[in-house]
Amino acid sequence: MSANFAYQNTRDFEFILQEWLPTEQVFSYPQFADYYSKDDVKSVLGPILKMCKEVVELTNEDGDSHPVKLENGKVTLPPTFGPLFHQLQSEGWGTSNIDESEDAMVLPHLLQSMVWEMLQAANPTFAPYIILTSGAAGLIQSFASKEVKEMFLPKMMDGTWTGSMCLTEATAGSDVGDILSKAYPTDDPRIFKIKGSKIFITGGDNDFTDNIIHLYLARVEGARPGTAGISLFVVPKLWINEDGSVVDNDVITTGVEHKLGQHGSCTAALAMGENNNCRGWLLGKNPLENDGIGEGMAQMFQMMNMARMETGHCALSCIANAYYNARDYAKERIQGRLMTDPKAGRATIINHEDIKRTLLMGKAHVEAMRAMLYKTYFAFDVRHHDTDPEKVARANELIEITTPLCKAYPSDEAWWLIGEAIQAYGGYGYCEEYPVAQIARDVKIYSIWEGTNFIQSMDLVGRKWSMKKGAVFAAFIQEMRDFASANQDNSEFKNEFISLNAALEAYAKIQKTMFTYMGEKRISMMPLHARRILTATSQLYCGRLILDQALLANAKANELGPEHFDYNYYTGKVAAARYYLMNVVPNVCIAADIIAYGDTSSLDVPVNAFEY
């Protein structure tokens with residue numbers, strides 16, 4: 001079997017929840033206090049770990065060997081996907097966790113995200129069916145009328161129906177403002193006729209639910225051009241009549257994409273209104289009564305920003321599973337002799353220097369990225385549930401800054417990190433009978449989904465740097481400076497704090513250089529260096545967080561001693577942090593020098609030179 005879920009335990013999740021983050025704050029919120037505490041997390045995570053190995057892993061194999069097909073207008077999905085979808089929904093691991101009803105029993109976002117890291121690792125191709133249903137239901141929950149909520153939410157919450165978001169068109173990808181889909185008024189001011197087509201719609205069709213609820217971007221005829229005039233509509237595959245019966249809503253699947261990976265995920269092309277009989281419910285104000293302004297993009301960004309977090313988290317889950325698989329293989333594979341003791345005979349490759357380096361590199365990246373993502377998920381819980389306006393504001397500012405980092409950094413680094421996991425296998429890693437080849441194929445899409453990583457980098461440099469005239473980002477950097485200043489005399493981590501301080505100074509140089517370029521009207525330097533700056537920002541922040549974890553882990557290891565069962569866990573945390581601070585964080589300094597050098601060869605090269 002090529003697919004393999006290689007997470008062995010939930011220890012790192014427990015460390016984050018029970019030792020590192022102040023999660024008693026989250027578990028004390030009224031929605032959670034009667035059901036969960038930080039002491040209960042293992043009882044939630046343990047059964048998921050077991051289910052991923054015994055149930056979900058098998059569907060991953062199925063998804064790769066039975067790709068999505070479209071025949072005679074009907075899609076066919078891997079046969080195990082439908083039962084898994086309904087099992088997860090019925091057991092409360094899916095869409096119901098966004099339910100804001102007063103009596104809803106939901107997990108904190110932080111804890112639910114740990115559940116989903118394991119589920120995504122066990123089958124990354126399957127995860128979007130529930131993630132997108134949750135996102136679509138969330139938009140309806142936030143912006144729809146009571147009537148529309150009652151019509152759609154119950155069956156989306158329990159998994160009877162799925163959902164999707166429909167943005168991309170053949171002539172408008174990242175430039176959403178150029179979409180051609182139109183909406184036309186009807187006799188009912190809440191309902192519009194929809195006409196248009198969309199492509200690359202993940203979860204756009206399936207064969208395991210009766211209805212699919214599309215959140216569809218279109219321009220009401222007569223609204224403003226560009227993004228300002230776009231509105232958002234609830235467009236069901238089957239129209240729901242007032243008596244609850246359903247009829248065809250003129251939504252047709254015209255094709256499915258044949259992709260590098262994610263073979264079990266239905267990426268559909270959809271046509272709406274080919275027979276002039278597609279209808280949708282408008283969310284928000286009618287632009288014709290609002291100076292031509294639609295609210296669709298602002299509404300959709302609620303779903304997109306969470307989807308960006310989840311996309312980066314999907315990438316992280318793939319990196320982690322590839323690393324864990326490479327680790328397990330290296331423990332068993334016997335090859336070569338150690339240079340330090342050649343007479344000892346052949347050794348398992350996990351003892352070879354380059355393999356140990358490769359594995360520690362994977363471990364360090366996983367734990368650093370995980371720290372960044374879960375620090376942000378913690379902020380989501382605070383923003384959504386806290387009653388202190390100051391805490392909510394601070395949480396929101398952190399989310400604003402880190403969302404592009406959380407989306408882009410894991411999905412940018414995943415491709416080469418999983419390549420290193422393949423390398424650890426040697427030739428077997430390149431064979432489809434082993435799991436990492438499929439992980440590599442499945443992971444690449446994440447750097448493209450939900451706004452390419454260039455778009456994320458431009459959001460960081462163009463918007464997040466300048467929030468509240470730069471004050472928000474300045475506070476983000478100052479917090480890291482304060483952390484470094486408070487701990488730099490720690491003799492056990494002297495070199496690591498030297499590295500962090502050097503990176504902080506280098507980052508100030510990056511900002512100063514870019515501000516100089518902008519002042520000189522060298523505008524092209526911003527898009528030229530934006531992705532490099534996003535990577536440097538992520539490495540700086542991840543270094544600060546993983547070093548904070550290391551201080552705690554080192555104290556625990558010293559307290560417990562080598563004989564304690566947790567000693568190796570804590571010393572591993574310290575080793576991962578040391579590697580990251582001494583081998584990854586220095587890249588911030590390199591980026592600063594490259595940006596300051598000001599090379600313009602990419603800008604100066606004539607386009608025709610690429611012909612040769």
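Residue numbers run from 1 in the order of the sequence given.
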Should T535 and N587 count as side-chain neighbours, where that means a heavy-atom distance under 4.5 Å?
no
Show me the donor-acceptor pairs, under 3.5 Å and distance only, between side chains in residues 265-278 and residues at least two apart or in other chains.
from : atom 1 : to   : atom 2 : distance (Å)
T267 : OG1    : K259 : NZ     : 2.8
N275 : ND2    : D250 : OD1    : 3.3

When rounded to the nearest 0.5 Å, the distance separating CG of N211 from OG1 of T160 is 10.5 Å
**Message:** Strictly distance-based, threshold 3.5 Å: is any side-chain N or O of R219 a donor or acceptor partner for the main-chain N or O of D178?
**Reply:** no
Checklist entry - Is there side-chain contact between H384 and E100, with at least one heavy-atom pair below 4.5 Å? => result yes
Between the main-chain N or O of L139 and the side-chain N or O of S142, is there a donor-acceptor pair closer than 3.5 Å? no
What one should report as the nearest heavy-atom pair of L460 and P404 is CB-CG, 4.5 Å
(Q) With side chain to side chain contact (heavy atoms under 4.5 Å, CB included) as the criterion, how do I213 and I140 come out once you've worked through the C-alpha distance, each side chain's angles and the decisive distance to 0.1 Å? (A) CA-CA 10 Å; I213 314 306; I140 294 171; 4.1 Å; yes
Sequence neighbours excluded, the answer for side chain to side chain contact (heavy atoms under 4.5 Å, CB included) partners of V246 is L238, I240
Would you say the side chain of Y324 lies within less than 4.5 Å of the side chain of Q8, judging by non-hydrogen atoms?
no
Can you tell if the side chain of N249 reaches within under 4.5 Å of the side chain of R279, non-hydrogen atoms only? yes
Closest non-hydrogen atoms of Q89 and D158, given as atom of the first, atom of the second and distance, are CB-O, 3.7 Å
Is there side-chain contact between M157 and I98, with at least one heavy-atom pair below 4.5 Å? yes
CG of L107 to CG of N97, rounded to nearest 0.5 Å, is 4.5 Å
Nearest heavy-atom approach of P124 to D442 is CG-OD2, 3.9 Å
| message | Test side chain to side chain contact (heavy atoms under 4.5 Å, CB included) on I191 and L282; report intermediate values, then the result. | response | CA-CA 6 Å; I191 298 172; L282 174 66; over 6 Å; no
Practice item. Consider only side-chain N and O atoms of Y374 and H313, and report whether a donor and an acceptor are under 3.5 Å apart. Key: yes
query: Is a donor on one side and an acceptor on the other found under 3.5 Å between the side chain of S90 and the backbone of H86?
result: yes
Quiz item: For atom CZ of F200, is the number of surrounding heavy atoms from other residues, nucleotides or ligands below 6.0 Å larger than 12?
Solution: no
Here the gap from H66 atom NE2 to H263 atom NE2, rounded to the nearest 0.5 Å, amounts to 13.5 Å
**Request:** Decide, yes or no, whether a salt bridge links D210 with K155 under the criterion of side-chain N to carboxylate O below 4.0 Å.
**Result:** no
Of all heavy-atom pairs linking A6 and N325, the shortest is CB-ND2, 3.5 Å
Taken in chain and number order and not counting sequence neighbours, the residues that satisfy salt bridge (Lys or Arg N to Asp or Glu O under 4.0 Å) with E117 are R370
The residue among F143, W281, F192 that forms ring pair (Phe, Tyr, Trp, His ring centres under 6.0 Å) with F233 is F192
Cationic N near anionic O, under 4.0 Å, E432 to R441: yes
Minimal heavy-atom distance between Y409 and C542, with the atoms involved, is CE2-SG, 3.9 Å
| Candidate pair M165 and E450, rule side chain to side chain contact (heavy atoms under 4.5 Å, CB included), full reasoning | CA-CA 11 Å; M165 64 176 181; E450 305 308 329; 2.7 Å; yes
*Going by atom types alone, do N305 and T403 pair a side-chain donor with an acceptor below 3.5 Å?*
no
* Asked: With a 4.5 Å limit on heavy-atom distance, are the side chains of M309 and F380 in contact?
  -> yes
dist T358:OG1 -> R327:CZ (nearest 0.5 Å) comes out at 15.0 Å
So side-chain hydrogen bond (donor to acceptor under 3.5 Å, both in side chains) across residues 417-428, not counting sequence neighbours, yields none
Applied to residues 120-138, the side-chain hydrogen bond (donor to acceptor under 3.5 Å, both in side chains) test, sequence neighbours excluded, yields T59-N123, T95-S134
Counting C-beta onward and ignoring hydrogens, is there a side-chain heavy-atom pair between V584 and M361 closer than 4.5 Å? no
Taken to the nearest 0.5 Å, the spacing of D12 CG from E367 CD works out to 4.5 Å
Could you check whether any side-chain N or O of K237 sits under 3.5 Å from a backbone N or O of D205, counting only pairs where one atom can act as donor and the other as acceptor?
no
- Query: Can N206 and T162 be counted as having a side-chain donor-acceptor contact under 3.5 angstrom?
  - Reply: yes
### Query
Is the side chain of W116 donor-acceptor paired with the backbone N or O of C314 at a distance under 3.5 Å, no angle test?
no
Examine the side chains of N453 and K407 and answer whether a donor and an acceptor come within less than 3.5 Å of each other. yes
Can you give me every donor-acceptor pair (side chain of residues 41-54, partner residue at least two apart or in another chain, under 3.5 Å) with its distance?
from : atom 1 : to  : atom 2 : distance (Å)
S43  : OG     : D40 : O      : 2.5
K50  : NZ     : E54 : OE1    : 3.1
K50  : NZ     : E54 : OE2    : 3.2
K53  : NZ     : N4  : OD1    : 2.6
K53  : NZ     : F5  : O      : 3.2
K53  : NZ     : E57 : OE1    : 2.7

* Carefully, step by step, assess R531 and D412 under the rule side chain to side chain contact (heavy atoms under 4.5 Å, CB included). => CA-CA 10 Å; R531 287 188 68 185; D412 266 338; 2.7 Å; yes
| query | Between K195 and Y184, is NZ or CZ placed under 6.0 angstrom from the six-membered ring centre and within 45° of the ring axis? | reply | no
CG of L232 to CD of E295, rounded to nearest 0.5 Å, is 10.0 Å
message: Checking side-chain polar atoms at under 3.5 Å, does Y216 have a donor or acceptor matched by the opposite partner on S181?
response: yes
In short, V56 meets A122 closest at the heavy-atom pair CG1-CB, 3.5 Å
Review point. So, do D62 and P79 sit near enough that their side-chain heavy atoms are less than 4.5 Å apart?
Key: yes
